[in-house]
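What follows is a structure written as structure tokens; I'll ask about it next.
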Number of protein chains: 2
Amino acid sequence: MATIKDVAREAGVSIATVSYVINNTRPVSQETRRRVLEAARRLNYRPSIIARSLQAGRTHLIGYSWRPLPPEHGSPILDRFIHALGRAAYQAGYHLLAFPTPDVEREIEIYEELVEMGRVDGIVLSATNIHDQRVAYLQQTGFPFVAFGRAGAGWDYPWSDVDGTAGVAMAVRHLYELGHRRIAILAWPEDSLAGQYRFQGYLQGLEEVNLDFDPALVVRVEHAEHEGRRGLRQLLELPPAEQPTAVICVSDLIAIGAMNEALDRGLPVGRRFGIVGFDDIPIARYLRPPLTTVRQPVDEIGQAVVEQLVALIEEQPLDEAQRHRLLAPTLVVRASTTAE
Amino acid sequence: MATIKDVAREAGVSIATVSYVINNTRPVSQETRRRVLEAARRLNYRPSIIARSLQAGRTHLIGYSWRPLPPEHGSPILDRFIHALGRAAYQAGYHLLAFPTPDVEREIEIYEELVEMGRVDGIVLSATNIHDQRVAYLQQTGFPFVAFGRAGAGWDYPWSDVDGTAGVAMAVRHLYELGHRRIAILAWPEDSLAGQYRFQGYLQGLEEVNLDFDPALVVRVEHAEHEGRRGLRQLLELPPAEQPTAVICVSDLIAIGAMNEALDRGLPVGRRFGIVGFDDIPIARYLRPPLTTVRQPVDEIGQAVVEQLVALIEEQPLDEAQRHRLLAPTLVVRASTTAE
DNA sequence: TCACCTTAGTTAAACGTTTAACTACCTCCA
DNA sequence: TGGAGGTAGTTAAACGTTTAACTAAGGTGA
């Protein structure tokens, strides 16, 4: 591997001159520049990124970690998010260091290691929770970080997020327009931040179309298929007149559970009994019936968090609109709400 | 951020001594060692990984790139593979640098950049194809790399792979035992290496159970849901007596297409008309009916390729058994072949 | 003619480690 | 008594860059 020294020798100049030519950081005479460039080309020279990093105190690496989920869940959104991050990072001149964290206990150690060894310049967080120790740690050390997902009360840091409220409200309006008047929701437990916003969208949607809120139509479920099933069962235990004619689910996995339960019971999923998911996971369109769902703008979020993080790292100021970015989801209408 | 100099000053020794203590690389007296450790603890010292990298000429980073797939496909296996790689890399003292490559044209540039700047110590390839320019480049430069997926003819490099042949043969036996005598396969085009091995498993399975090979029962399809549908349609255009009673699909996505088409036509998917997939994607178990499928041992493969790559990087010899590792998949039997 | 500026280049320090080579001291035994 | 050997530590070079400070040469204006 050729170094700057080799190029300097080959071109008959000092290494400083080579550096100035390569980085275009000071005027160099035509002739010398030509010789240097020529020598660099001949030797196939590339500056060592490590030496640069040491000198500059920057690695041009951004870290992203995710928590392992049981394989039967998959984590389609975060998977797509990794892709989006990688792409966006590359465009910004960075690379992505991706590390799955083991158990939540040892998680913070890994962050400390990465930060304190100077492995990465900044960190992207996702799936933050209310009292997130990673946030506490990073905030306290002043290390650059951003999150996919809004900050909990008491925190203030840059984030980008999907506007779950708008997404679910859209779903409510969609169902209302199809004639539904008793619309239920399978929501996450109250300690889920993202779940709260989506639930707000439910309330907001009901208000927009002038429907009364009925607590009996809200079931709190965990993120699992069998929980979706359980949620629907619980709704169907209501007296017939009080049963919903449509159900909004706070994730596609839950929607799959609800749909499976409905179909098992012979409910006509479609126009008469509507089911809406959230995420638009890749197979949503291939389910039977294909699932109407709220699509998260994952690529845009990846792009947004990288922009924010790079600004932080490079110490460019962020105004309020850039610090907190809420991206609009889209409603993808399929047969699970429209099939006759 | 404290450096080794700070620790040396604090402990009243030279930086060399600190280094020897930290790395346990030469005997140091009890007392001095105690003082150094104490100082390091007080200053919360961590060796800079960049400085170490520069000195050692190793980054302890391994690169993994994947090609972007259209979002309606998802790439569940490669997604799980990233997780597995990250975990395995961490355990081996490495980190994972994950980079999606843009168009195939500019792909090779990115590899050159990473390799020649010394960004990573080694590279993991996946989805290699017959005349893979990445393989050609890496082979030629002698840079350490391994692949998830076997080498094409003419190449020789370390790889780990799932034994697709065994997996499909298993599926054939399973269907045979259920009483099927006309078993079809929706296979990938012939230029797919992985597809070839799976197809071999089909032939091998037929032979094991003494069934004749019928070319009419083989349909070549691309990796897409609508291709699975098309494949099944084509099979059902055969005269009734020649139609298959079970179909093995070379991927779950194709199986989903085949299953959707079968159900649309009122075929009783299950014991009487069996469908088998390949991959065991996360939602396979939640399909209706749940999909019988061949599960790829993705975690083990991730582990295996990292072991191979680290051996290459650290110049430990690999014997033949370690150089090429074929991992057994498992057949996950669900209702798509057993439901009454 | 001389001081000063400009231009084009070089020298050397710095980034934070590791490690080979060296020094100083002590102990041991012939 | 003195050399050999061992122990515990230090010095300084090296890894490959960037960049501030310097030098040398030529041009310019008073």
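Predicted model, so just to flag it, every value in this text is computed and none were measured. Every chain is numbered from 1, with letters handed out A, B, ... down the list of sequences.
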Problem set entry | A/His131: partners by ring pair (Phe, Tyr, Trp, His ring centres under 6.0 Å), with sequence neighbours left out |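 Testing A/His131 for ring pair (Phe, Tyr, Trp, His ring centres under 6.0 Å), a comparison that skips the adjacent residues, returns none.
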For this session: Apply side-chain hydrogen bond (donor to acceptor under 3.5 Å, both in side chains) to A/Thr17 and list each qualifying residue two or more places apart in sequence or on a separate chain.
Result: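 Expected list: A/Ser14.
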Problem set entry | Heavy-atom contact window of chain A on DNA chain D, given 5' to 3' at under 4.0 Å |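 With heavy atoms of chain A under 4.0 Å away, the range is D/dC15 to D/dA21.
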Problem set entry | Pair A/Tyr111 + A/Phe99: ring centers closer than 6.0 Å |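 Yes, close enough.
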For this session: Please work out if A/Thr17 contacts a base, only the sugar-phosphate, or nothing of the nucleic acid, heavy-atom cut-off 4.0 Å.
Result: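 If one applies the 4.0 Å heavy-atom cut-off, A/Thr17 turns out to touch a base.
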Exercise. For residues 5-14 of chain A, which residues have at least one heavy atom under 4.0 Å from DNA chain C?
Worked result: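 By residue number: A/Val13, A/Ser14.
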Exercise. Please, which pairs that meet salt bridge (Lys or Arg N to Asp or Glu O under 4.0 Å) have at least one residue in residues 306-317 of chain B, sequence neighbours excluded?
Worked result: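 Checked against salt bridge (Lys or Arg N to Asp or Glu O under 4.0 Å) - neighbours excluded - the pairs reaching residues 306-317 of chain B are B/Glu307-B/Arg325.
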Exercise. If you fit an axis to the five pairs at each end of the helix from C/dT1-D/dA30 to C/dA30-D/dT1, how big is the angle between those two axes, to 10 degrees?
Worked result: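 Here the local axes at opposite ends form an angle of 70°.
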Exercise. Which residue, A/Ile15 or A/Arg26, contacts DNA chain D at a nucleotide closer to its 5' end, judged by nearest heavy atom?
Worked result: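 In this pair, the answer is A/Ile15.
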Problem set entry | First of B/Arg33 and B/Gln55 reached from the 5' end of DNA chain D, by closest nucleotide |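 On the 5' side of the pair lies B/Arg33.
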For this session: Among residues two or more places apart or on two chains, list those pairs meeting side chain to side chain donor-acceptor pair (under 3.5 Å) that have a residue in residues 138-151 of chain A.
Result: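 Sorted pair list: A/Arg150-A/Asp161.
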Exercise. Which pair of heavy atoms, one from B/Asp132 and one from B/Ala127, lies closest together, and at what distance?
Worked result: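 Closest heavy-atom pair between B/Asp132 and B/Ala127: OD2-O, 4.3 Å.
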Problem set entry | Partner residues of A/Arg26 under the side-chain hydrogen bond (donor to acceptor under 3.5 Å, both in side chains) criterion, sequence neighbours left out |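 side-chain hydrogen bond (donor to acceptor under 3.5 Å, both in side chains) check on A/Arg26 returns nothing, list empty.
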Problem set entry | Lys/Arg-Asp/Glu bridge criterion (N-O < 4.0 Å) met for B/Glu113, A/Arg46 |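 No salt bridge links B/Glu113 with A/Arg46.
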For this session: Report the residues that fulfil side-chain hydrogen bond (donor to acceptor under 3.5 Å, both in side chains) with B/Thr101, sequence neighbours left out, ordered by chain and then residue number.
Result: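 For B/Thr101, no residue satisfies side-chain hydrogen bond (donor to acceptor under 3.5 Å, both in side chains) once neighbours in sequence are set aside.
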For this session: Could you pull out all residues at least two apart from A/Thr59 that satisfy side-chain contact (heavy atoms from CB on, under 4.5 Å)?
Result: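 So A/Thr59 forms a side-chain contact (heavy atoms from CB on, under 4.5 Å) with A/Leu61, A/Asp121, B/Ile50.
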For this session: Just call it for A/Thr3: base, sugar-phosphate, or nothing, with non-hydrogen atoms closer than 4.0 Å on any strand.
Result: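 It contacts sugar-phosphate atoms only.
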For this session: Please collect all salt bridge (Lys or Arg N to Asp or Glu O under 4.0 Å) contacts where either partner lies in residues 49-66 of chain B, sequence neighbours excluded, each pair once.
Result: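 Sorted result for residues 49-66 of chain B: empty, none.
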For this session: Decide yes or no on ring pair (Phe, Tyr, Trp, His ring centres under 6.0 Å) for B/Tyr137 and B/Phe143, but give the supporting numbers first.
Result: CA-CA 9 Å; B/Tyr137 169 70; B/Phe143 195 77; 8.2 Å; no
Exercise. Of the residues in residues 40-53 of chain B, which ones touch DNA chain C at a heavy-atom distance under 4.0 Å?
Worked result: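 The stretch gives B/Tyr45, B/Arg46, B/Pro47, B/Ser48, B/Ala51, B/Arg52 as the residues lying under 4.0 Å from the strand, ordered by number.
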Problem set entry | pair A/Glu31-A/Arg34: side-chain heavy atoms closer than 4.5 Å |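 They are in contact (side-chain heavy atoms under 4.5 Å apart), so the answer is yes.
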